[in-house]
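Both counts, for ligands and for their atoms, begin at 1 and track the order of listing. Just so it is clear, the values below take in all heavy atoms, side chains as well, and ignore hydrogens, waters and symmetry mates. Predicted, not measured: the structure shown is a model, and the values here were computed from it.
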Amino acid sequence: MSIKLSPSILASDYGALRESVRLVEEAGADYLHIDVMDGSFVPNITIGPPVISCLRKTSKLVFDCHLMINDPDRHIDAFAKAGADIITVHAEAAPHLQRTLSYIRSLGLKAGVALNPATDISCLNYVLDDADMVLIMTVNPGFGGQKFIPAMTKKVRDARALVGDEIDIQVDGGITLGNLKEITDAGANVIVAGSAVFRAENPAEAVRSFKGMM
Ligand code: DX5
Ligand code: ZN
């Protein structure tokens, strides 16, 4: 399975978003991880469809939209229209998860399901036919710059055993060049990195270092 890098713009300067996106795109990032927070499912509030559609005008990256919002069904159409390529919803926030995932796919997009650290992978059992990607949160969602939760390595390994090789496994939170190998060895193949890219002294160099290890 090919391993992809998805830099998270949460850690970038929101006043210079277009520049940050161009920088990681030119440095060889595969996806752009866009964290959407509603101040309800998670304590923080970030950005929504209007900002995404502005970025879409100047970027060809795969827009990997991580919706940390309650009842995401209300907003799927808007994110699709704004230019999302992948829409990931939280199992904890989407009561009709199977319907949500199949709706995302019906719009021609890839559908992802995210699990908070404490959520068991058994909730994936009956939606595997409807998902392109599983996002294992390796921190509790809401903020960048948190520490990787060590127990998540086993969770990634268990998730890989459950989903097989056809479904991507994304990890998000506290990923650095130092723990990248541990997590890819466990079976993750889509790597989100926020602080490790945008808070690095040289973000372009950080992207190249991640890619060099993949
Ligand atoms: C956290 C977000 C992450 C965040 C990761 O709720 O979902 O995508 O940007 O940031 P780092 O890599 O700094 O932990
Ligand atoms: Zn995220």
Side-chain angles (χ1 to χ4, degrees), residues 3-14 17 20-21 23-24 27 29-48 51-52 55 61-70 72 75 79 84-94 104 110-119 132-153 155-156 159 168-184 188-201 203 206-207 209-211 213-214:
I3 301 182
K4 306 235 187 293
L5 179 66
S6 190
S8 166
I9 52 168
L10 183 65
S12 74
D13 174 358
Y14 271 2
L17 263 184
S20 304
V21 174
L23 186 146
V24 293
D30 303 287
Y31 295 173
L32 185 73
H33 188 80
I34 302 173
D35 286 305
V36 177
M37 305 186 188
D38 66 352
S40 172
F41 178 65
V42 289
N44 204 359
I45 300 178
T46 55
I47 58 170
V51 175
I52 295 172
L55 296 176
L61 283 170
V62 171
F63 279 10
D64 164 29
C65 297
H66 176 195
L67 305 192
M68 286 160 274
I69 65 177
N70 278 320
H75 300 287
F79 283 100
D85 297 291
I86 304 170
I87 295 181
T88 297
V89 298
H90 270 261
E92 304 87 354
I104 293 168
K110 287 196 171 174
V113 46
L115 305 183
N116 284 339
T119 303
D132 300 290
M133 185 167 82
V134 169
L135 166 48
I136 303 292
M137 287 304 303
T138 44
V139 298
N140 289 288
F143 302 96
Q146 303 181 78
K147 254 179 91 72
F148 177 85
I149 299 170
M152 295 303 105
T153 302
K155 188 173 180 183
V156 169
D168 289 320
I169 294 188
Q170 182 172 55
V171 282
D172 184 8
I175 309 295
T176 64
L177 288 166
N179 59 21
L180 175 65
K181 188 171 177 332
E182 166 184 333
I183 206 77
T184 53
N189 72 309
V190 182
I191 308 299
V192 177
S195 311
V197 167
F198 287 107
R199 299 279 158 92
E201 216 164 287
V207 168
S209 301
F210 269 96
K211 290 296 293 178
M213 282 181 66
M214 289 175 164

Between the side chains of T46 and D35, is a donor N or O closer than 3.5 angstrom to an acceptor N or O? no
Contact with ligand 1 for G145, non-hydrogen, under 4.0 angstrom: yes
Give a yes/no on ligand 1: does G173 have at least one heavy atom closer than 4.0 angstrom to it? yes
Is a donor on one side and an acceptor on the other found under 3.5 Å between the side chain of [X] and the backbone of [Y]?
X    : Y    : result
S8   : A193 : no
N70  : A93  : no
E182 : T153 : no
D64  : I86  : no
Q146 : N140 : yes
K155 : P117 : yes
D172 : M137 : no
D38  : S40  : yes
N179 : G174 : yes

Under 3.5 Å between some N or O of ligand 1 and some N or O of [X]?
X    : result
G142 : yes
G194 : yes
H33  : yes
G174 : yes

Tell me, which protein residue and heavy-atom name are nearest [atom], and how many Å apart are they?
atom                    : result
atom 13 (O) of ligand 1 : S195 OG, 2.5 Å
atom 9 (O) of ligand 1  : S8 OG, 2.8 Å
atom 1 (C) of ligand 1  : F143 O, 3.5 Å

Heavy-atom contacts with [X] under 4.0 Å: which atoms of ligand 1 show up? List them by number with element.
X    : value
H66  : 7 (O)
M37  : 6 (O)
D172 : 2 (C), 3 (C), 4 (C), 5 (C), 7 (O), 8 (O)
D35  : 2 (C), 3 (C), 4 (C), 7 (O), 8 (O), 9 (O)
G144 : 10 (O), 13 (O)
M68  : 6 (O), 7 (O)
L10  : 4 (C), 9 (O)

To the nearest 10 degrees, how large is the angle at the Zn ion (ligand 2) between D35 OD1 and D172 OD2? 170°
Does K211 NZ have over 12 foreign heavy atoms under 6.0 Å away? yes
Parallel, tilted or perpendicular: ring planes of H66 versus H90, cut at 30 and 60 degrees: parallel
Of all N, O or S atoms in H66, identify the one at the shortest distance from the Zn ion (ligand 2). ND1
Counting heavy atoms under 4.0 Å, the part of R199 that contacts ligand 1 is neither
Report the part of P141 (side chain from C-beta onward, or backbone N, CA, C, O) that has a heavy atom under 4.0 Å from ligand 1; answer both or neither where that applies. both
